[in-house]
Amino acid sequence: METTDVPTREEMRRRASELVPVLRANAAWTEQNRQLHPESIEAAADAGIFRMRVPKRYGGYECDAQTLVDVSIELGRGDGSTAWVFSVYWIPGWMVGMFPDEVQDEVFTSPDVRVCGTLSPSGMAAPADGGIVVNGKWGFISGALHAQWQEIIAILVPEQGEPYPVMALVPISELEIVDDWHVGGLRGSGSVTTVAKDVFIPQARVLPLPSVMTEQYASVLNAESPAFRVPLLGAANSASVGGPVGLAKAALELFYERMNRKLTYTNYESQAEAPITHLRVADAAVKIDQAEFHARRVAELADRKGLTGEPWTLEERIRSRADIGTICKLTKSAVETLAMSSGGSSLYDTSPMQRILRDIQAINLHALMAPDANHELYGRMICGLEPNTTYV
């Protein structure tokens, strides 16, 4: 096992900022080829992006949630699809840290190992000698084309007792990849379907999902690490919130670059002179600021609770999801305002604005990020009702 010097938050933010020109230069290729550009992956590895949620004993950084937010905002400024995948890698990569320490030894053969995954229980598992056998398929597996492992969820039907969901780790080489990612937004994320056909998984690489959701993790060595003393959804939320903010900031930057253009069929020689521009750009900028506030509140909660080891209240868990919904709603509204103010030329494929718009719309469709679903959950709590989901 190795250890490494951990870069500061500011250093990681700087490295991510330096990636922005690379990600932007590769964005069109990434979208056209429906997968990440090899240069973007290599540059991110050199910057330590894939090490951010890996335990220190494997050469990782074990970064806190606030660092994730800083870095993912910068990545979002570069390219939505690439930022999305890199953030996704942080989640199942962190989830590996829940498993027994010997399983982590097996997975973290390199601090830059990439793990994709899902929380959807769309597979079935049966007991087998020394483990389970899994059959099923999982959709929307972002980053599968460049990952070495996948975290899966399946329903285990035991020989006795009731079926229950399990979380397991599988080498991606043991799964079939179905290239079905033909979509309108986040095209470059390569969020394909993966299929398991009679795949055997050793028992050590299987955890009961109910135990995971109640923070009964199997790792001994990670038990006292602030980065791992966080609920699964709390960790996932922290990894997810920066990208949409970064996308919205990219749209605002792009709008600023073209703001001095003449407004067709008007007497305005510069768009910056028009009062409607003042109203729209102010509206968008304020919404982006608000979204960043909520993103940082999500991360601050995770870091504070991780340091103290204090349990999360149900209200904190649900509010964290409400924050995600608010971030998505605000950034989508800001990008739509900026796109509608960018003129007909922004419709061309050569304009990043149309890609930013489609990417932010796609993020808003994600089941765990959709504003209405998250706000409904928060509203239930405010009205004194029990949550209607276990994903809190």
Side-chain angles (χ1 to χ4, degrees), residues 35-36 40-42 44-45 47-63 65 68 71-72 75 81-123 134 136-154 166-177 189-196 199 201-202 204-207 209 212 217-219 221-222 225 227-228 230 232-233 235-240 243 368:
Q35 61 178 288
L36 303 188
S40 298
I41 295 175
E42 183 179 352
I49 301 301
F50 304 132
R51 301 184 176 208
M52 293 181 66
R53 288 307 244 180
V54 174
K56 294 177 184 177
R57 64 184 180 277
Y58 300 110
Y61 299 156
E62 252 176 81
C63 291
L68 296 186
V71 168
S72 55
L75 297 176
S81 288
T82 307
W84 176 263
V85 173
F86 291 172
S87 295
V88 165
Y89 284 150
W90 291 337
I91 301 171
W94 176 89
M95 292 164 72
V96 175
M98 304 173 173
F99 284 82
D101 299 318
E102 62 270 23
V103 172
Q104 296 177 57
D105 292 343
E106 183 180 4
V107 174
F108 291 127
T109 55
S110 161
D112 293 314
V113 70
R114 295 181 291 275
V115 185
C116 58
T118 180
L119 290 177
S120 178
S122 53
V134 174
K137 66 178 182 178
W138 299 268
F140 302 97
I141 307 301
S142 303
L145 300 175
H146 304 282
Q148 291 86 27
W149 289 79
Q150 181 176 327
E151 165 272 321
I152 65 167
I153 305 291
V166 295
M167 183 173 77
L169 294 171
V170 185
I172 200 75
S173 59
E174 297 181 11
L175 301 173
E176 176 186 341
I177 291 178
S189 67
S191 302
V192 296
T193 294
T194 58
V195 179
V199 173
I201 306 175
R205 285 200 256 121
V206 181
L207 293 176
L209 187 60
V212 169
Y217 306 152
S219 174
L221 296 177
N222 291 342
S225 167
F228 290 96
V230 180
L232 169 56
L233 266 294
N237 294 347
S238 303
S240 304
L368 286 174

Rounded to the nearest 0.5 Å, what's the gap from [atom1] on [X] to [atom2] on [Y]? Could you check?
X      : Y      : atom1 : atom2 : answer
Ser110 : Arg51  : OG    : CZ    : 6.5 Å
Cys116 : Ile152 : SG    : CD1   : 11.0 Å
Ser173 : Gln148 : OG    : CD    : 10.0 Å
Ser40  : Leu75  : OG    : CG    : 10.0 Å
Gln35  : Thr82  : CD    : OG1   : 11.0 Å

Evaluate side chain to side chain contact (heavy atoms under 4.5 Å, CB included) for Val134 paired with Val170, printing each intermediate quantity in order.
CA-CA 10 Å; Val134 174; Val170 185; over 6 Å; no

[X] to [Y] - nearest heavy-atom pair and separation:
X      : Y      : value
Ala168 : Val206 : CB-CG2, 4.2 Å
Ala65  : Arg53  : N-NH1, 4.3 Å
Tyr61  : Gly48  : CE1-O, 3.5 Å
Leu119 : Met95  : CD2-CE, 4.0 Å
Gly60  : Pro111 : N-CB, 4.3 Å
Ala239 : Ile91  : CB-CG1, 3.6 Å

For the backbone of [Y] and the side chain of [X], can you confirm whether one donor and one acceptor N or O come within less than 3.5 Å of each other?
X      : Y      : value
Asn222 : Gly97  : yes
Trp90  : Ser238 : no
Glu176 : Val195 : no
Tyr58  : Asp105 : yes
Glu62  : Met52  : no
Arg205 : Leu169 : yes

Which residues pass the side chain to side chain donor-acceptor pair (under 3.5 Å) test with Ser87, not counting sequence neighbours?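 Here no residue qualifies.
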
Glu42, CD atom: more than 12 neighbouring heavy atoms under 6.0 Å:
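No, not enclosed.
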
Exercise. Quick one: which of Arg114, Met167, Glu151 gives a side chain to side chain contact (heavy atoms under 4.5 Å, CB included) with Pro92?
Worked result: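 Option passing the side chain to side chain contact (heavy atoms under 4.5 Å, CB included) with Pro92: Glu151.
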
Just wondering, do [Y] and [X] contact through their side chains at under 4.5 Å, heavy atoms?
X      : Y      : answer
Val166 : Ile201 : no
Pro55  : Leu221 : no
Leu232 : Trp94  : yes
Glu174 : Thr194 : no

What class does the angle between the rings of Phe50 and Phe86 fall in, given that below 30° is parallel, 30 to 60° is tilted and above 60° is perpendicular? perpendicular

For residues 136-146, tabulate all N or O donor-acceptor pairs below 3.5 Å that involve a side-chain atom, not counting sequence neighbours.
unit_1	atom_1	unit_2	atom_2	d
Trp138	NE1	Ile153	O	2.8
Ser142	OG	Trp84	NE1	3.0
Ser142	OG	Ser191	OG	2.6

